[in-house]
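Quick caveat, the model's predicted, so the values are computed rather than measured. Atoms within each ligand, like the ligands themselves, are counted from 1 in listed order.
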Amino acid sequence: MGAGDKGDGETIGRDEEVLRAICDVSNEGIMIHDGGVILSCNAALGVMFGYEPESLKGRSVLELAAPDYQDFVRANYESKLPLTYLVWGTRSNGTRFRAEIRARTLSAPSGELRVAVIRDLSGSDAAAGERATTVSLLRATLDSTTDGILVVDIAGLVTLYNERFLKLWKIPIDKMAAATDVDAMKFVAQQLIDPASFFSRVSALYHAPETESIDTLEFTDGRLVERYSRPQRIGDRIIGRVWSFRDVTAQRRAEHTLELAVQMRDEFLGIASHELFTPITSLAVAIRGLRDSTDATTDEALRTRLFRNAERQVARLARLVQELLDVTRIDGGRMGLIIDDVDLCEVARDVLERFAPELQRDQIEAHLSADQPVVGRWDRTRLEQVATNLVGNAIKFGRGRPIHLTVSLVDGRGELAVRDQGIGIAHDQQTLIFERFQRAVSSRHFAGLGLGLYITRQIVESHGGTLRLQSVEGEGSSFTVRLPMCVPGEVRP
Ligand code: ADP
């Protein structure tokens, strides 16, 4: 630069070498002009505008400004005020770029000179743009994640959080403004079952900033939230801590349900194999007996007994397999009904007749009260199955005491009640036993798959009816089926 030629001779002359060096290493463009005529400039200015610095000497500063900014630039230097302002510059190849100008006027013996320092903002614009894009991406990511996020700096001040975080902890937005982690924690701790362990965990983590942690918080409203925490770093330096919170209530419940289902399936397989195996064993014994009794010496009565037993075991096997098939059909929504005119009294009578040998053998009294025919549009086979299940259970759990069946018309509905005076059902089991595979008794004492009542209820409900239980443990049970006179949706012919 040749500013020393015209400037304050004493200062510039003394430090000219130093100043020249400073100007040469500067990234910013530096120029001295006199009324808009460039006297001197540094290398950075030449690079910025795309000229050889020497070639700029004697040219007008206005040539470096975009045409629409030239009047503005002229007005600024003519004002002689110290100014900092933004303009659009023009490079030698015609491209425009954003520039910041800082200028002031110096008084020199030969007149007034203007010194201008020019900074190319195009690079920093791009960087700022990039930063803005990154920030907006981060914001969008934070707001779209299903996790609640909280970032706290090393001093405990909240630096960032997302909407999900506020929702999860039910924090009103005004509570978060200028909040510290302590404020936030006080607000949230009251929602936890065990706030003390929450606080001690947090304080342990603040004393060990390096540590990552994961644990589960139990909320008083039943929610389970997984809390994950790790330090926030820049390079190796820890500058804060990131907390993320995930509501895992549904997931944990599903896992629990799945565990129960697997456990139930295993139990069921155990019971089912036992249940199927018992009649097979009896059947094998009966067949062996029959094979050994082919000679003429064998008592005819014994042969008849063996036959009857074999038949009973086959019937039992068929019933078990039928139950399994029914459950599969119900689960697949394939239990179609074959509707016809059916008298509920006849159904009850037929079923009791079928149980006659068993009732006789165990000397159990069975009474049927049916004053008048109760005819509805129902599926006869399915209703026989309902009555069979209920009477079968009354015999099985009835301790040999009398059984009562009642068929009647109540409020325009057909009703079948089966009452026994047996072991009864504990109150807390009374809903459960209608579920699949659920039993209120040990399989060691009573045979069964725990499917009969489930199937019974499905049949009754598919007729639009209800199945009600009244029972006192140790005193007996009464199951009541109520059916509308025709299946909903079925039009009477
Ligand atoms: P299961 O084939 O095991 O009898 P059910 O579905 O018919 O299956 O019955 C489920 C459970 O309900 C039985 O295991 C028993 O604990 C209880 N239960 C059903 N009927 C009676 C009854 N009349 N008296 C006492 N308990 C009963």
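The aromatic rings of Trp169 and Phe245 sit perpendicular, their planes meeting at an angle over 60°, well past the 30° parallel limit.
By the side-chain hydrogen bond (donor to acceptor under 3.5 Å, both in side chains) test, Gln385 pairs with Asp326, Arg382, sequence neighbours left out.
Leu383 and Leu344 make their closest contact through CD1-CD1, 3.9 Å (heavy atoms, listed as atom of the first residue, atom of the second, distance). Between Val374 and Met485 the shortest heavy-atom distance is CG1-CE, 4.1 Å.
Looking at Arg308 and Arg303, their side chains never come closer than 4.5 Å, going by heavy atoms from C-beta outward.
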Pairs of nitrogen or oxygen atoms, one from ligand 1 and one from the protein, closer than 3.5 Å: please tabulate them with distances.
residue, atom, partner, partner atom, Å
ligand 1, 2 (O), Leu449, N, 3.3
ligand 1, 2 (O), Gly450, N, 3.4
ligand 1, 3 (O), Arg439, NE, 2.5
ligand 1, 3 (O), Arg439, NH2, 3.0
ligand 1, 3 (O), Gly450, N, 3.1
ligand 1, 4 (O), Asn393, OD1, 3.4
ligand 1, 4 (O), Lys396, NZ, 3.0
ligand 1, 6 (O), Gly452, N, 3.2
ligand 1, 6 (O), Leu453, N, 2.7
ligand 1, 7 (O), Asn393, ND2, 2.9
ligand 1, 7 (O), Leu453, N, 3.4
ligand 1, 8 (O), Gly450, N, 3.4
ligand 1, 14 (O), Arg439, NE, 3.4
ligand 1, 16 (O), Ala440, N, 2.8
ligand 1, 16 (O), Val441, N, 3.4
ligand 1, 20 (N), Asn393, ND2, 3.4
ligand 1, 23 (N), Asp420, OD2, 2.9
ligand 1, 24 (N), Ser477, OG, 3.4

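Within a 6.0 Å radius of CD in Gln360, no more than 12 heavy atoms belonging to other residues, nucleotides or ligands are found.
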